[in-house]
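We use all heavy atoms of the structure for the numbers below, so side chains are in, but hydrogens, waters and symmetry mates are not. The sequence lines fix the lettering, A, B, ..., with proteins before strands; numbering per chain opens at 1.
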Amino acid sequence: MARYNHREVEPKWRKAWEDGGCFRAQADPARPKCYVLEMFPYPSGRIHMGHVRNYAMGDVVARYKKACGFNVLHPMGWDAFGMPAENAAMERGVHPGKWTYDNIAAMKAQMLPLGLSLDWSREFATCDPEYYAQQQALFLDMLEAGLVYRKSSMVNWDPVDMTVLANEQVENGRGWRSGALVERRELTQWFFRITDFAEELLEGIDRLEKWPEKVRLMQRNWIGRSEGLEFRFETIGAPEGHEELTVYTTRPDTLFGASFCAVAADHPLAKALARENAELAAFAEECRRIGTSEEALEKAEKKGFDTGVRVRHPFDPDWQLPVYVANFILMDYGTGAIFGCPAHDQRDLDFARKYGLPVTPVVCPEGQDPASFVIEDEAYTGPGRIVNSRFLDGMSVDEAKAEVARRIEQAGKGERKVNYRLRDWGISRQRYWGCPIPVLHCPECGVVPEKKENLPVRLPEDVTFDKPGNPLDRHPTWRDAPCPRCGGPAKRETDTMDTFVDSSWYYARFTAPRAKTPTDPEAVDYWMNVDQYIGGVEHAILHLLYSRFFARAMHKTGHLPEKCVEPFEALFTQGMVCHETYRAQDGRWLSPDEVRIVDGRHVEAATGAPVEVGPSIKMSKSKKNVVDPTDIIDQYGADTARWFILSDSPPDRDVEWTAAGAEAAWRFLQRVWRLTEDALPSLPARGAEPPADPCEAAMALRRATHRTIAGVTADIEGFAFNKAIARIYEFVNAISKAPAEGEGMGHARREALSALAQLMAPMAPHIAEEIWSALGETKLVAQTPWPKADPALLVEDTTPIAVQVNGKRRAEIRVPREASREEIEQMALADDNVRRFLDGKTPRKVIVVPGRIVNVVL
RNA sequence: GCCCGGAUGGCGGAACUGGUAGACGCAGCGGAUUCAAAAUCCGCCGAGCUGACACUCGUGUGGGUUCGAGUCCCACUCCGGGCACCA
C-alpha cells in the first residue's frame, strides 16, 4: 500500500482548483456574499509561521462559507511601502522598489503551496502607482472636504544624521545609527482631522458586536473621552501676553487641594520664559531629549522647574500657586497645562513629594474620619466626601465637580468641556518609500493641490540612499513642477504619507482593484462590508481605528456609501506563533534546525555540545527561534502545516510550534489516508440503497458521524478550530474502532468517510480532495455543499449524571432522557455509594439539575 | 508609568450560560508485531495513599459569595500585547 505522498497530491489539487476557477470571485446579486479578509502582509521577503496561522484561519472561514453557499471574496495583496525597504537600500544599495517587488515575488511563491482559497486576480501592492494614484485622489478630496490640514508638531530629530527618526529607531534616547542624543524638534506637518470624528468613532464601537470586547475597550480608552472643566488662572509675574494660564481638569472638585500648576516644556508660556532664562531653557532642552513617545515620557523620572511665575487661585485672590515646567505634561493633551492636586493624583503626589509642595486631602473616603485622614505615599482617587474645601465641604465628588464648574462659568473664568485623548493623525513622513502627498508649494499661491488629471505624483526612480535624510528633498529635478493654479514655478511637497494610510482603505479597493476611481459603487455595494476580518491583536488600536476613520472620510467624500462607515462587521484577533529558544554555552542563539535531541537532551547538532533550552517566545530572527514554513511544507506538506498550526491552541491565544506536534499532525493525516484505503473495498457503491435494518454498531457510527458534523460546524462558526480538530481526532478513533462487519456497516462507513473529508476540507483541503475522489466522487469538495447533521441522530436515549453529596462527586448514574426530576432524585438516592455517605440520614435538600447533576445536601 | 489580555497534569490544551476538572494531541511507561529497527496496533498515564475498591488533595497566590467555583467578586504575583514615525 502506497504511503500518502503530499508532493504528488497537493500540486494536483491546487491545479484542479485553479482550472476550475474555484476561488475567482464574481459579483452576483442573486447570491448572498461573504467577504473574508486577513490583514495583508508586509513584504519582508520570507513568510513566517504567523502568516501561515493567519491565512490558515482565514482559509477555514472562506472555504467553510463557500461550502455553506456564500459567494466568497477572499483576496490578497501587499502592504508594500515602509521603512525596511529604505534600510535595505542604505545597507545594500538596492532600490527600495526592486527590493520590495522581489520580496513580493518570493513571498508569493512561498504562499501558493499553502493551497489558500485566494482570488489572486485581485492582487495589488500599495506601492503600485495604480494604487497610490487613487490614494492621492482620496487625499485631494479629503483636503477639499476640510479633513486635512497642516500644523506644527514634534518629531524625533537626529542632529548628527540630520534626519527624522521613527520611535523604534531611538534607543535609550540616542539615534540607532549615529548614537547621537535625539531631540524633539518642531516641523510643519500634514494631519487628518480624526478628532472631528472622535465622538462618532466612540459611539460606533457600541455597534461592533462581532468584535472582541477587549479591542472595543482598548479603542474606547484610546479615544479617551472625558468631561471636565477648562478654566483660566490669573498669572503673576508672567511675560506679556501670558496674563492668563488656561488649564484643563477632569477633577475640578479637588481645586482646593491644588498646590501647583505645571505646563509642558513646549507650552507657549514655557517658551516665552525660556527666552529670558537660560537655566529654564536648559531644562526645557533636557525635557525635549526624552523624545516623542508617550511611553518614554511616562517612564522618565518626573522632574519640574519652578518658573517663579505664580497664579491666583480662582476662588481666593490671596492664595497663590507656583507654576512649574514639568517633563510629564503633554502639550498634545488638553491645553498642555494642569493644576496639580497631590492628594488625589499619583503623578501629582510624586511630584509634590519631590519638590516639597503641600499635600492637602480634599476627598475623604466614606467612613474615614477627616481629621485623621492623611495621604502617605499613595494618592486617593476613589469616591468620598469633600473636606478642607470651604463651600464644597460635605458634597460628593460629583456634586463638587458641578458646583465648581457652575461658579467658574458664572465668573466667566472658564467653561465645561468634553476632551478627548485622541489626537489628530499626523501622516507626514520625511521619507522616500511612501505615497507622495500630492500638493505643491507655490511662492505666489502658497499650498496648492495637484490637479487630479496629473495623478499619480510618481516617486522618482533615480534616487540615492548614500546620505541620510529624504532623497526626495535632494533630487535635482523632481521637486520642480508648475503651480497648478498660476502655472508659475513651484516646488512639490516632499513628505510622503504614513503607511497606515495605505492600509486604511485597501479592503475597499479589493472590491474593484482595477477601477479608475478609488472605488466602484456597484462593486462596493455588493461586496462591502468585510464580513470577517482576521489579524494580529497588535493592530487592535491604530490600524483599526485609522481604518474606521478613513471609511468615514471616504463616505464624506463620496467614495463609500453610508453602510460602510464601519467596514469590518466581525473581527478576530489571533495570537502569535512561539517557539522554544536555544543557546549554546558561549551564549550564541541557535536555530531549531541547529539543535538535536540525543537521549532526551538538547545538543548542538554540529558539535554535540549541550544546549540551554529557553522559554517559548514569539518567533523572531534576533532569537533565531524561527521555523521556516517552506521547510515544513517541503517535508510534510501544506496540509500538515495548516493542520498543526490550527490544532494546538485556541486561535486567539499564542501557539507554540513544536517539531513533535508537527510530526503528530503528519502521522494523523497518514492515518486518515490508510483508514480510507483500507475501507474502500468494503464500501457499497455510491448512491446504493441503505439496508432497512442496520445493526447497532452501524447506528452508533452514524450517530458519531452526525454528532461530529454538528460539533465541527459549531466549532468553526465559533472560531474554535482547535476544538474542531480534537473532535475530528475522536471521530477518526470511532471510525477505526467500528467493527468491520455488520448489517449496514458499509453504508455507515461510507457516510463517515465522506463527512470526514468534508469536515477536514477547510483545514486540510488537499487530502480532503484526495479522499473525496477515492470515494468515487466526481465533483471537488471545494464545490460541494457543507454536510448537514440529522437531528434524529443527535439524541441519546440515556444521559450520565453525576451525583454529589455535599458538593463532592460520589457516584454517576445513567438516566433515561425523559426522566423527571423526581425519578432522577430517586435513582440518585438509591445508588450504593450515595447511601453509604447518607449513612441512614435524611438529606436536608436535594438539588436536581436535569441533564447535569444531582447534589444531595446533608 | 498608563490601557488591554492571559495563567488548568511533564507539555499544548478541553470543560456549553456556576453543575462529573484534565476531552483531544504531545511526551513518557508497558505490551503486540519484527531476525532487528522504523512504521503500525493495544494498554497505562494529575499528586498522595492503596493489592484493589475507596478516600484525601488539586485549575498562579490569598480571601469571599454559593448546595456547588477553573468559571462570579475583592486584593495580589508573574507573563504577553499596545502606547500615536515598526508593520
Side chain to side chain contact (heavy atoms under 4.5 Å, CB included) against A/Arg225, all qualifying residues, sequence neighbours excluded: A/Glu199, A/Leu202, A/Glu227, A/Val418, A/Tyr420
What residues form a salt bridge (charged side-chain N to carboxylate O under 4.0 Å, His left out) with A/Glu663, not counting sequence neighbours? none
Under 4.0 Å between any heavy atoms, over every strand shown, what does A/Val155 touch: base, sugar-phosphate, or nothing? Just pick one. base
Using a 4.0 Å heavy-atom cut-off, write out nucleotides 51-60 of chain B from 5' to 3' as B (base contacted by protein), S (sugar-phosphate only) or - (no contact). ---SSSS---
Sugar-phosphate only, base, or nothing, as touched by A/Gln804 at under 4.0 Å among non-hydrogen atoms: base
List in chain and number order the residues that pass side chain to side chain donor-acceptor pair (under 3.5 Å) with A/Thr494, two or more places apart in sequence or in another chain; answer none if no residue qualifies. A/Asp473
For A/Gln219, side chain to side chain donor-acceptor pair (under 3.5 Å) partners two or more places apart: A/Arg548
Could you check whether A/Leu217 gets within reach of a base, just the sugar-phosphate, or nothing at all, counting any heavy atom under 4.0 Å? sugar-phosphate
Write down the distance separating the P atoms in B/C45 and B/G13, rounded off to the nearest Å. 23 Å
Can you tell me how far C1' in B/G12 sits from the matching atom in B/G46, rounded to whole Å? 16 Å
Checking B/C11, B/U20, B/A87 against the side chain of A/Tyr42 (C-beta onward), the nearest is B/A87
Are the aromatic ring centres of A/Phe328 and A/Phe351 under 6.0 angstrom apart? yes
For A/Val164, which contact category applies under a 4.0 Å heavy-atom criterion: base, sugar-phosphate, or nothing? base
Pairs counted only when both distances fall under 3.5 Å, Watson-Crick or G-U: show me the 5' to 3' dot-bracket for RNA chain B, [ ] for pseudoknotted crossings and | for other-strand partners. (((((((..(((......[....))).(((((.......))))).(((......)))..(((((..]....))))))))))))....
Report the residues that fulfil ring-ring contact (aromatic ring centres under 6.0 Å, His included) with A/Phe644, sequence neighbours left out, ordered by chain and then residue number. A/Trp657
Show your reasoning for whether side-chain hydrogen bond (donor to acceptor under 3.5 Å, both in side chains) applies to A/Tyr131 and A/Trp505. CA-CA 10 Å; A/Tyr131 183 81; A/Trp505 71 287; 3.1 Å; yes
Test ring-ring contact (aromatic ring centres under 6.0 Å, His included) on A/Phe719 and A/Phe721; report intermediate values, then the result. CA-CA 6 Å; A/Phe719 258 86; A/Phe721 309 130; 5.1 Å; yes
According to side chain to side chain donor-acceptor pair (under 3.5 Å), who are the partners of A/Lys303, at least two apart in sequence or on a separate chain? A/Glu286
So, using side chain to side chain donor-acceptor pair (under 3.5 Å) as the criterion, who are the partners of A/Thr292 when residues are at least two apart? A/Asn156, A/Asn167
Looking at A/Asn855, I'd like to know whether one of its side-chain N or O atoms comes within less than 4.0 Å of OP1 or OP2 on B/G19. no
Do A/Arg671 and A/Asn733 come close enough that some side-chain heavy atom pair is under 4.5 Å? yes
Name the nucleic acid region contacted by A/Ser44, choosing base, sugar-phosphate or nothing; use a 4.0 angstrom heavy-atom cut-off, strictly under. nothing
Select from A/Lys302 and A/Gly426 the residue whose nearest nucleotide in RNA chain B is closer to the 5' end of that strand. A/Lys302
Determine, for nucleotides 71-83 of chain B in 5'-to-3' order, which nucleotides have protein heavy atoms under 4.0 Å from the base (write B), from only the sugar-phosphate (write S), or from neither (write -). ---------SBSB
At under 4.0 Å between heavy atoms, what does A/Gln189 touch on the DNA or RNA strands: base, sugar-phosphate, or nothing? base
At 4.0 Å (heavy atoms only), tell me whether A/Leu422 reaches a base, stays on the sugar-phosphate, or touches nothing. base
Is A/Asn733 touching bases, backbone alone, or none of the nucleic acid, heavy atoms closer than 4.0 Å? sugar-phosphate
Determine the Euclidean distance between corresponding P atoms of B/G60 and B/A87; express it in Å to zero decimal places. 39 Å
Those residues that, when tested against A/Asp161, pass side chain to side chain contact (heavy atoms under 4.5 Å, CB included) (two or more places apart): A/Asp158, A/Thr163, A/Arg177, A/Ser178, A/Pro468
Can A/Lys151 be said to sit on top of A/Phe191's aromatic six-ring, NZ or CZ under 6.0 Å from centre and within 45° of the ring axis? yes
Applying a 4.0 Å non-hydrogen cut-off, can you work out what A/Ala664 is touching in the nucleic acid: base, sugar-phosphate, or nothing? sugar-phosphate
Which value, in whole Å, describes the distance between the P atoms of nucleotides B/C73 and B/U17? 15 Å
Which whole number of Å gives the distance between the P atom of B/U61 and that of B/A7? 13 Å
Across nucleotides 38-45 of chain B, 5' to 3', mark each nucleotide with B, S or - according to how protein heavy atoms within less than 4.0 Å reach it. --SS----
